[in-house]
Chemist: 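One structure coming up, written as structure tokens, with questions to follow.
Both ligands and their constituent atoms are indexed starting at 1 by order of listing. We use all heavy atoms of the structure for the numbers below, so side chains are in, but hydrogens, waters and symmetry mates are not.
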Amino acid sequence: MFISFEGIEGCGKTTQVELLAKYLSHRGLHYLVTREPGGTHLGKLIRQMLLDPAHTEMEPLTELFLYAADRAQHIAQVIRPALESQQWLICDRFADATTVYQGYGRNQDLAFIQQLNEMATQGIWPRLSLLLDCPVEVGLDRARQRIVQTSLEGREDRFEQQDLAFHQKVREGYLKIAAQNPNRFIILDATLDQQQLHQEIVALLEPYLEDME
Ligand code: TMP
């Protein structure tokens, strides 16, 4: 079972990934939590390159290829082996993020991104993609609070520094691809309280959980 979590900055997906992991562990299921970018050793280096706010000169095409490179390594080293060993695999962002951030956000060619994604993923896609949707103002406000709490003020990454219009394009992009892929995507209300949202996620995964036990 391969599940990805998607959403704009501050949508709460990382918290939901952690809550789900705890829940799976409690049920005695084998699972692996991973993320993009940065799910491998090389990926962590690529992640630093991608997010460092000092890299103001990065071209949109360079950014696109770095995400694809991170993904190719991740598929070979983590995702394919985990799926072959019948584990639950939970991925904090996957190839849809490239369609949305680099395609809708940075205006890179969508047909080309689709080809690149197919190549990098080798045709491996999640069974379910959970889109945690909330208004951009709500997400950015949460992301901002997290930055203040973790004393990273003034050190927002290259994406957190983008303006409201960019994040709005990202949100709309996510809603568009969710509508285009109704068999895979589930849209969830990310303005809900953390525990309430977690309960919703557990309830919708219940049929799959029963299958695996
Ligand atoms: P994270 O903070 O959710 O781990 O993601 C890091 C940033 O990378 C986030 O701002 C979204 C961005 N991103 C892309 O632009 N394209 C991608 O393909 C992925 C996976 C993430």
Chemist: In the protein, which heavy atom is nearest to atom 7 (C) of ligand 1, and how far is it?
Modeler: Leu51 CD2, 3.8 Å

Chemist: Could you tell me which residues satisfy salt bridge (Lys or Arg N to Asp or Glu O under 4.0 Å) with Arg184, sequence neighbours excluded, listed by chain and number?
Modeler: Asp96

Chemist: With heavy-atom distances below 4.0 Å as the criterion, list the atoms of ligand 1 near Gln102.
Modeler: 14 (C), 15 (O), 16 (N), 17 (C), 18 (O)

Chemist: Please write down residue, atom name and distance for the protein heavy atom closest to atom 1 (P) of ligand 1.
Modeler: Arg93 NE, 3.6 Å

Chemist: Between Arg71 and Tyr67, does any side-chain donor sit less than 3.5 Å from a side-chain acceptor?
Modeler: no

Chemist: Who's the nearest protein heavy-atom neighbour of atom 21 (C) of ligand 1, and how far?
Modeler: Tyr67 CE2, 3.4 Å

Chemist: Who's the nearest protein heavy-atom neighbour of atom 20 (C) of ligand 1, and how far?
Modeler: Glu36 O, 3.4 Å

Chemist: Between Lys13 and ligand 1, which part of the residue brings a heavy atom under 4.0 Å of the ligand: side chain, backbone, both or neither?
Modeler: side chain

Chemist: With sequence neighbours excluded, what pairs up with Glu63 under the salt bridge (Lys or Arg N to Asp or Glu O under 4.0 Å) test?
Modeler: Arg106, Arg158

Chemist: Using distance alone, with no hydrogens and no angle criterion, decide if Arg93 and Tyr101 have a side-chain donor and acceptor under 3.5 Å apart.
Modeler: yes

Chemist: Classify the side-chain pair His167/Glu9 by whether it contains a donor and acceptor separated by less than 3.5 Å.
Modeler: no

Chemist: If you measure every N/O of Glu9 against every N/O of ligand 1, is any gap under 3.5 Å?
Modeler: yes

Chemist: How are the rings of Phe159 and Phe166 set relative to one another: parallel (under 30°), tilted (30 to 60°) or perpendicular (over 60°)?
Modeler: tilted

Chemist: May I ask you to list the atoms of ligand 1 that are less than 4.0 angstrom from any heavy atom of Arg71?
Modeler: 18 (O), 20 (C)

Chemist: Assess whether side-chain contact (heavy atoms from CB on, under 4.5 Å) is satisfied between Ser129 and Phe94, documenting all intermediate values.
Modeler: CA-CA 9 Å; Ser129 295; Phe94 192 61; over 6 Å; no

Chemist: Specify the protein heavy atom at minimum distance from atom 2 (O) of ligand 1: its residue, its atom name, and the distance to 0.1 Å.
Modeler: Arg47 NH2, 3.7 Å

Chemist: Quick one: nearest non-hydrogen protein atom to atom 18 (O) of ligand 1, plus distance?
Modeler: Thr98 OG1, 2.5 Å

Chemist: Is it the case that the side chains of Asn117 and Thr99 hold a donor-acceptor pair, with the cut-off being a distance below 3.5 Å and no angle test?
Modeler: yes

Chemist: Find all atoms of ligand 1 within a distance of less than 4.0 Å from any non-hydrogen atom belonging to Phe159, and give their numbers and elements.
Modeler: 10 (O), 15 (O)

